[in-house]
Amino acid sequence: MNKAFLLKYGEIALKGKNRRIFEDVLVQHVRFALSKVDGSFVVTKTRGRIFVEAESAFDEEDALGALQRVFGIVGICPAVLLEDNGFEDLSSHILEYMEETVEDKHITFKVDARRARKNYPKNSMEINADLGEKILDRFPEMSVDVHHPEMVVRVEIRERINFYLREIPGPGGMPIGTNGSAQLLLSGGIDSPVAGYMVARRGVNIHATYFHAPPYTSERAKQKVVDLAKILSRYIGPVTLHVVNFTDIQMYIYEKCPHDELTIIMRRFMMLIAEHFAKIDNDMGLVTGESIGQVASQTMQSLSCTDAAATLPVYRPLIGFDKQDIIDKALEIGTYDTSILPYEDCCTIFVAKHPVTRPRLERIERSEQNLAEKIEELVYTAIETTETLVVEE
Ligand code: ATP
Ligand code: MG
């Protein structure tokens, strides 16, 4: 009897000729995720399924946790893999497993057998009926409910046989890297890490840029962003993080431009610089944590002024989220506690009391003309002095 996980993946099974590539990438990611778990595992794929077999003792919670962070997996089933030694042998293994793992036996169940290997002596209906009977004999407190059972005993007859009782939801989405990559503007707030997660979940690898403004923002504020990138790395693997020194640009904007336009103009230079790194990292888009109307810099007018500073598409996966939705997601993915640590980010220091909420691009561009003398050089220096880290947990 072999302890294993059977992994189900949904969407990627639909992708025609790309399917093999997707499956191979998913297998690689499963292997990588499990390399961080104590124990030794063998990962194999067969049509529509990935099997993880443990070759040593392992911590089931740890392994499950790791698998729950692999995008592309929709269901994780702790399963048992068996050689075919006849139906009696199979039944006794299933009964033994149920004895061990089902704590409360006062439940309804059904058996759902699939016979992928047609030379098995019983067809699936016969397996359902015969196994159901054996279960009822052994556990009289159980009863059958074919429509809404509390537990489904799934049996798959393939070259080897597997059975399982539980399916734990995976994160869904698509395997990282199967949809290119994007540059995330990662601040220390609640939103941008969630935005990165959402895009990554669709198979997009994430690189990140953080705008640091010492001494207005502390080393701890930077460390917080590094920590957020580490949390993201649980899902996407090592994260490239560009830490841009933004202070001189920010000060210069502060000195030369109307204060009610500061946030917009700063955001536009963030876009410009993030786009520079996007091109270096071969990214196909920018990602931010903005959502419509959240603050003055995120009205429809403001967002369109921000967009105009970039040539790459800007993806805003949280665009229709309420703050509470974002918080819920941050809690779920594990970034919330780090995001709410109280260190200033560069924008809270330079925020105007009454920022424009309906900026017009022509006016913003006219204000930016005040920067003509030094801004190119400052942007150049900011890029030249950027510190690029690769962070991993
Ligand atoms: P909060 O949760 O406080 O809203 P936030 O990170 O979303 O945090 P905003 O001021 O709303 O902060 O910024 C909007 C978006 O702009 C962010 O989601 C992020 O993508 C980008 N951004 C803002 N400040 C920075 C920064 N210092 N470095 C990198 N990106 C930033
Ligand atoms: Mg925000």
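Read the numbers this way: they start at 1 and go in the same order the structure lists the ligands and their atoms. Computed from a predicted structure; not experimentally measured.
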> Between Y97 and F163, what is the ring plane arrangement, given parallel below 30°, perpendicular above 60°, and tilted in between?
Replying inline: perpendicular
> Under 3.5 Å between some N or O of ligand 1 and some N or O of V295?
Replying inline: no
>> Can you name the atoms of ligand 1, numbered from 1 with element, that are less than 4.0 Å from a heavy atom of G189?
In response: 2 (O), 6 (O), 8 (O)
>> Check this for me - ligand 1, L185, N or O atoms closer than 3.5 angstrom, yes or no?
In response: yes
> Looking at P175 and L26, what are the two nearest heavy atoms and their distance?
Replying inline: CG-CB, 3.9 Å
>> If I apply the N/O under 3.5 Å rule, does F211 come out as touching ligand 1?
In response: yes
>> Quick check on F32: does its CZ atom have over 12 non-hydrogen neighbours (other residues, nucleotides or ligands) under 6.0 Å away?
In response: yes
> Looking only at heavy atoms, is any part of Q298 under 4.0 Å from ligand 1, and if so is it the side chain, the backbone, or both, or is it neither?
Replying inline: side chain
>> Checking side chain to side chain contact (heavy atoms under 4.5 Å, CB included) between Q294 and each of I326, D322, T299, which is the one that passes?
In response: I326
> Looking only at heavy atoms, what is the nearest atom pair of H148 and D145, with distance?
Replying inline: N-OD1, 3.0 Å
>> Could you check whether any heavy atom of H212 sits closer than 4.0 Å to an atom of ligand 1, since that is the contact criterion I want to use?
In response: no
>> Can you name the atoms of ligand 1, numbered from 1 with element, that are less than 4.0 Å from a heavy atom of T288?
In response: 20 (O)
> Can you list the ligand 1 atoms lying under 4.0 Å from a non-hydrogen atom of K323?
Replying inline: 1 (P), 2 (O), 4 (O)
> Less than 3.5 Å between some nitrogen or oxygen of M270 and one of ligand 1, yes or no?
Replying inline: no
> Are Y210 and H242 close enough that their ring centres sit under 6.0 Å apart?
Replying inline: no
> Regarding K122 and the six-membered ring of F87, is the cationic atom NZ or CZ under 6.0 Å from the ring centre and inside 45° of its axis?
Replying inline: yes
> Can you list the ligand 1 atoms lying under 4.0 Å from a non-hydrogen atom of Q294?
Replying inline: 4 (O), 11 (O)
> Relative to the ring of Y235, is the ring of F71 parallel (under 30°), tilted (30 to 60°) or perpendicular (over 60°)?
Replying inline: parallel
>> Suppose I only count heavy atoms of G289 and a 4.0 Å limit; which atoms of ligand 1 are within that range?
In response: 17 (C), 18 (O), 20 (O)
> ligand 1 and T209, any nitrogen or oxygen pair closer than 3.5 angstrom?
Replying inline: no
>> Taking the six-membered ring for Trp, are Y216 and F246 closer than 6.0 Å centroid to centroid?
In response: no
> Using a heavy-atom cut-off of under 4.0 Å, does the side chain or the backbone of L184 touch ligand 1, or both, or neither?
Replying inline: neither
